Undergrad: 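Dumping the structure here so I can ask a few things about it.
Counting begins at 1 with the first residue of the sequence. Basis for what follows: all heavy atoms, side chains included, without hydrogens, waters or symmetry-related copies. Nothing here was measured: the structure is a model prediction, and the numbers come from that model.
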Amino acid sequence: SVVDVAGINSVSRRVLANAAHAMAGRGYGLEVDLIKAAHDLDLLTTPYAFTPSKSATMTKAGADIVVAHMGLTTSGTIGARSAKSLDDSVREVAAIADAAKAVRGDVFVLCHGGPLAMPADAQFVLDRVPACDGFYGASSLERLPAEVAITQQTREFKSLRRGGRR
């Protein structure tokens, strides 16, 4: 995290304060303020947007990249068990992208989350939403590949036999 690298500073202090406010139910307006403050400091900003109106709000605040968030990532051993469909995601990403780009044409919009767990899922959306500039990976780039690799490695170790026996 930023705090791990830079220690407590004016940005991380604000992030931590906003987290406390969010826990108290006063979060979204402060999140918008944080994006504006980060933009004013010339920091790269990548807020998540779950709706077209929040996409427009974040773009007005100075977001460089709006992440059209489709919910918790499905797939893998601990992924969400239900999510919207890829077709629903196409419609929602398009609406979020259109709202952001109506505010400012130079904003990037990336799709993320929900059923977009694999490269083919992201490609499905990118093929159908011209206003979407790419994919924003998280679980799909770190948790899911690690689960596959760890499972495979564990199977190989479990197959070991003493004395060369199989």
Undergrad: With a 4.0 Å cut-off, would you call D87 and R91 a salt bridge?
TA: no
Undergrad: Check whether any side-chain N or O of R104 sits under 3.5 Å from a backbone N or O of A100 as a donor-acceptor pair, and report yes or no.
TA: no
Undergrad: Measuring from M58:CE to Y48:OH, what's the distance to the nearest 0.5 Å?
TA: 12.0 Å
Undergrad: Between D98 and A95, is there a donor-acceptor pair closer than 3.5 Å when you use the side chain of the first and the backbone of the second?
TA: no
Undergrad: Is it true that, when you exclude D42 itself, more than 12 heavy atoms of the residues, nucleotides or ligands shown sit nearer than 6.0 Å to its CG?
TA: no
Undergrad: Assess whether side chain to side chain contact (heavy atoms under 4.5 Å, CB included) is satisfied between T57 and E31, documenting all intermediate values.
TA: CA-CA 11 Å; T57 298; E31 187 175 340; over 6 Å; no
Undergrad: Considering non-hydrogen atoms only, spot the tightest contact between A61 and H39 and give its length.
TA: O-CB, 4.1 Å
Undergrad: Is there a chain of hydrophobic side chains (I, L, V, M, F, W, Y, each step under 4.5 Å between heavy atoms) that links V93 to L86?
TA: yes
Undergrad: May I ask you to check whether over 12 heavy atoms, not counting those of F108, lie within 6.0 Å of atom CZ?
TA: no
Undergrad: Under the criterion side chain to side chain contact (heavy atoms under 4.5 Å, CB included), which of T59, V67, I35 is the partner of P47?
TA: I35
Undergrad: Would a distance-only check, ignoring hydrogens and angles, find a side-chain to backbone donor-acceptor pair under 3.5 Å from S89 to S85?
TA: yes
Undergrad: From L44 CG over to I65 CD1, what is the distance, rounded to the nearest 0.5 angstrom?
TA: 4.5 Å
Undergrad: In this structure, would L126 and V90 fall into the same cluster of hydrophobic residues linked by side-chain contacts under 4.5 Å?
TA: no
Undergrad: Counting only N and O atoms by type, is there a donor-acceptor contact under 3.5 Å from the side chain of K84 to the main-chain atoms of P115?
TA: no
Undergrad: Could you report the tightest heavy-atom contact between T45 and A38, atom names first, then the distance?
TA: CG2-CB, 3.6 Å
Undergrad: So which heavy atom on F135 is nearest to which on C111, and how close?
TA: CD1-O, 3.3 Å
Undergrad: I would like to know whether D64 and T46 meet side chain to side chain contact (heavy atoms under 4.5 Å, CB included); could you show each step before the answer?
TA: CA-CA 6 Å; D64 299 293; T46 64; 5.9 Å; no
Undergrad: Calculate, to the nearest 0.5 Å, the distance between atoms CG and CG belonging to L34 and L43 respectively.
TA: 9.5 Å
Undergrad: Which heavy atom of I96 sits nearest a heavy atom of P52, and at what distance?
TA: CG1-N, 3.8 Å
Undergrad: How long is the straight-line distance from CG of L160 back to CZ of R155, given to the nearest 0.5 Å?
TA: 14.5 Å
